[in-house]
Amino acid sequence: MLKIYNTLTRKKELFQPRVSGKVGMYVCGMTVYDYCHIGHARVMVVFDTVARYFRYQGYELTYVRNITDIDDKIIQRAIENGEDYGKLTERFIDAMHEDERALAVLPPDLEPRATQSIDAIIAMVQILIDKELAYVGTNGDVFYAVTKFKDYGRLSGKNLDDLQAGERVDVDLAKRNPMDFVLWKMAKANEPAWDSPWGLGRPGWHIECSAMSTCCLGNHFDIHGGGMDLQFPHHENEIAQSEGATGEKFVNVWMHNGFVRVDDEKMSKSLGNFFTVREVLKKYRPEIIRFFILTSHYRSPLNYSDESLNDAKAGLDRLYIALRDALPDDKIPENFIVLDDYKVRFEQAMEDDFNTPEALAVLFGLANELNKAKKHKSENKIVLTATLKYLGGLLGILQDEPDAFLKGKRHSIIGDITISITPSTTMKLTSGDEYIDQQIQARLDAKKAKNWALADKIRNDLKDQGVILEDSPDGTTSWRRE
RNA sequence: GGCUGCGUAGCAAAAUGGUUAUGCAGUGGCCUGCAAAGCCAUCUACGGCGGUUCGAUUCCGCCCGCAGCCUCCA
């Protein structure tokens, strides 16, 4: 029984798909004028995890995540760069897809772009004008008349009187009401523009999402997601546009993920306190970032710091160490069994509004059992390993070979350029590993000769290079990177 | 100012009206030549004040503190 917190009702609700066995989910994606930061990574990972879980539950999911590839910031950045805006957005779309692959985020089923949805946008604006929910302002821009939509403010718990009392809205003389928002914006000279009944221009941001979601999923669909900050005005405006245009209910469940913070402040471009995914990938491997994001509930704030990333690394190491040497060749048997009690606990956690921290606690419990089974040479270790890896897979983690993960460089071997590699290839063993094996052999010889001083020196030297040696009871030595 | 939400041990982070969260770190033990890893044990908690209750970290009220939104933002 899957329960999801619905922003619209501020309650956890039992999830009931509109059509039995099917789910339509739309998530507001990126505006592509710069590299993705960790906040964007959180949206991708959170909703990827949600999508994976729906599929695991047997739902036929259509997951749509749009791309905003035309807006003021894109135009401004293109001018600054002296670059064609289309070239600019192509570059950052490619970069986004690289980041996505690195984080083991499965691509959405559909990825509509605003610039490829202009016809649908114009059609929707026209309907809103016909229904007198929208009007052409004195400057030629088309605006939505907010007061004409009776439920305006319901999602964000605001009402128009309060908003106007806030007095933080620029007074735009072209609008009838300061809260009215733009649906179609007239183009200035040399700006990218599309022909429309109201003249050359481009769509407003909010109408893009209404048009694209409706195009892909129909007038009424199950889930709409995005960051907390989109609640108002973006999602509020989407409801006004879509319900205004179609006369139908727009979305059943609204899901909003919490922010990534730095020093207790929202990570954002405007504050300038953001870390891009590729920056962080220089220090930490992609799976560590994904694990870090999953350590907190998706609606809670997530504080970004080196300390928390190091903790994530340590936790993930523990899981991989448990998986290491659990099976003769690290291969899960073909017809493996998943231990039911762990599976049930894991599912209970996930079905309680996607409680990934709790789900991870189940994995740690499993790791503890597995370590004991290994110690006692119990055959149970096979089924425990299979279960741990299987449940980890549902979260998009623990799919690497344990040795590849543990011996992989702490930071990705990818420079600025080649992040477009899958997580497992980033873990490829490097040539320096032969040297490590030689040193381990030398140390084993020294140990045999009871030359502890030499043995310890070798171990300490390797430690200084970030390599940790671990002797096992059978006389062999394994190693991993710090 | 209005509207949301949050405040859990050294750090991170869940659940819960009475019973072990979990991870990292610390302490003691086992294991080890010594370590590391692992296993066992263990110390640190529920912002403050009231109320409801046999009993509240958990429900209610007030206060304090923090964050987000009210303008583009995941």
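In what follows, chains are A, B, ... by sequence order, proteins preceding strands, each numbered from 1. Only this structure's heavy atoms are used, side chains among them; waters, hydrogens and symmetry mates stay out.
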Enquirer: Any ion pair linking A:Arg299 and A:Asp353 (charged N to carboxylate O, less than 4.0 Å)?
Expert: yes
Enquirer: Report yes if at least one side-chain N or O of A:Thr295 is closer than 4.0 Å to OP1 or OP2 of B:G23; otherwise report no.
Expert: no
Enquirer: Between B:G33 and A:Trp452, is there a base-stacking contact, meaning the centre of the base's six-membered ring lies under 5.5 Å from the residue's ring centre while the planes stay under 30° apart?
Expert: yes
Enquirer: Using the C1' atoms only, state how far B:U4 lies from B:C40, rounded to an integer number of Å.
Expert: 46 Å
Enquirer: In whole angstrom, give me the gap between the C1' atoms of B:G7 and B:C43.
Expert: 24 Å
Enquirer: Between A:His235 and A:His256, do the side chains contain a donor N or O and an acceptor N or O under 3.5 Å apart?
Expert: yes
Enquirer: Okay, side chain of A:Gln399, backbone of A:Ile397: is any donor-acceptor separation there less than 3.5 Å?
Expert: yes
Enquirer: Determine the interatomic distance between C1' on B:U42 and the same-named atom on B:C3; round to the nearest Å.
Expert: 46 Å
Enquirer: Which part of the nucleic acid, if any, lies within contact of A:Asn355, taking any heavy atom under 4.0 Å across all strands shown: a base, the sugar-phosphate backbone alone, or nothing?
Expert: sugar-phosphate
Enquirer: Counting only side-chain nitrogens and oxygens, does A:Asn460 get under 4.0 Å of the OP1 or OP2 atom of B:A35?
Expert: no
Enquirer: Of the nucleotides B:G33, B:A37, B:U22, which has the atom closest to the A:Arg480 side chain?
Expert: B:A37
Enquirer: Have A:Glu100 and A:His40 got a donor and an acceptor in their side chains that come within less than 3.5 Å?
Expert: no
Enquirer: Start at the 5' end of RNA chain B and walk down; is the nucleotide closest to A:Asp352 or to A:Phe364 reached first?
Expert: A:Asp352
Enquirer: Could you tell me whether the phosphate oxygens of B:C69, OP1 or OP2, come under 4.0 Å of any side-chain nitrogen or oxygen in A:Lys266?
Expert: yes
Enquirer: What's the gap between B:U19 and B:C60 when it is taken at their C1' atoms, as a whole Å value?
Expert: 25 Å
Enquirer: Taking B:G38 as the reference, what is the distance to B:C24 when you measure between their P atoms (whole Å, please)?
Expert: 7 Å
Enquirer: Starting from Watson-Crick (N1-N3 plus N6-O4 or O6-N4) and G-U wobble pairs under 3.5 Å, report the runs of at least three that RNA chain B belongs to.
Expert: B:1-7 with B:64-70, B:10-12 with B:22-24, B:26-30 with B:38-42, B:47-51 with B:59-63
Enquirer: Please report the distance, rounded to the nearest Å, between CD1 in A:Ile293 and P in B:A12.
Expert: 18 Å
Enquirer: Contact class for A:Met44 vs. all strands (heavy atom < 4.0 Å): base, sugar-phosphate, or nothing?
Expert: nothing
Enquirer: Salt-bridge test for A:Glu83 and A:Arg91: reply yes if a basic N is under 4.0 Å from a carboxylate O, no otherwise.
Expert: yes
Enquirer: Just checking, A:Lys3 and A:Phe15: is the charged tip under 6.0 Å from the six-membered ring centre and within 45° of the axis?
Expert: no
Enquirer: Compute both the distance and the angle, then confirm whether A:Lys12 meets the cation-pi test with A:Tyr5: under 6.0 Å from the six-membered ring centre, within 45 degrees of the axis.
Expert: no
Enquirer: From C-beta outward on A:Lys372, which listed nucleotide comes closest to its side chain: B:A35, B:C40, B:C3?
Expert: B:C40
Enquirer: What distance, rounded to whole Å, do you find between the two C1' atoms, one in B:A14 and one in B:A21?
Expert: 7 Å
Enquirer: Which value, in whole Å, describes the distance between the P atoms of nucleotides B:A36 and B:A25?
Expert: 11 Å
Enquirer: Can you tell me the distance, in whole Å, between the CD atom of A:Glu351 and the C1' atom of B:A14?
Expert: 17 Å
Enquirer: Is a salt bridge present between A:Arg324 and A:Glu470, judged by a nitrogen-to-oxygen distance below 4.0 Å?
Expert: yes
Enquirer: Is any side-chain N or O of A:Arg318 closer than 4.0 Å to OP1 or OP2 of B:C39?
Expert: yes
Enquirer: What is the separation between atom CG on A:Asp34 and atom P on B:A74, rounded to the nearest whole Å?
Expert: 11 Å
Enquirer: Does a salt bridge link A:Arg345 with A:Glu358, judged by any charged N lying under 4.0 Å from a carboxylate O?
Expert: no
Enquirer: Could you check whether A:Asp445 and A:Gln441, counting side-chain N and O atoms only, form a donor-acceptor pair closer than 3.5 Å?
Expert: yes
Enquirer: Considering every strand and a 4.0 Å limit on heavy-atom distances, what is the contact class for A:Ser296: base, sugar-phosphate, or nothing?
Expert: sugar-phosphate
Enquirer: Over all strands shown, is A:Gly226 touching base, sugar-phosphate only, or nothing at heavy-atom distances under 4.0 angstrom?
Expert: sugar-phosphate
Enquirer: Quick one: A:Ile458 CD1 to B:G33 P, roughly how many Å, whole number?
Expert: 17 Å
Enquirer: For A:His37, which contact category applies under a 4.0 Å heavy-atom criterion: base, sugar-phosphate, or nothing?
Expert: base
Enquirer: Expressed as a whole number of angstroms, how long is the span from A:Asn310:CG to B:A25:C1'?
Expert: 12 Å
Enquirer: Using a cut-off of strictly less than 4.0 Å, decide whether A:Asn368 has a side-chain nitrogen or oxygen near OP1 or OP2 of B:C39.
Expert: yes
Enquirer: Distance between the C1' atoms of B:U27 and B:G18, in whole angstroms?
Expert: 30 Å
Enquirer: Taking for each residue the nucleotide of RNA chain B with the nearest heavy atom, is it A:Ala361 or A:Lys447 whose nucleotide lies nearer the 5' end?
Expert: A:Ala361
Enquirer: Report the distance from atom NZ of A:Lys158 to atom P of B:G2, rounded to the nearest whole Å.
Expert: 13 Å
Enquirer: Rounded off to whole Å, could you give me the CZ-to-C1' distance for the A:Arg261 and B:A13 pair?
Expert: 14 Å
Enquirer: With a 4.0 Å cut-off on heavy atoms, is A:Thr7 in touch with a base, just the backbone sugar-phosphate, or nothing at all?
Expert: nothing
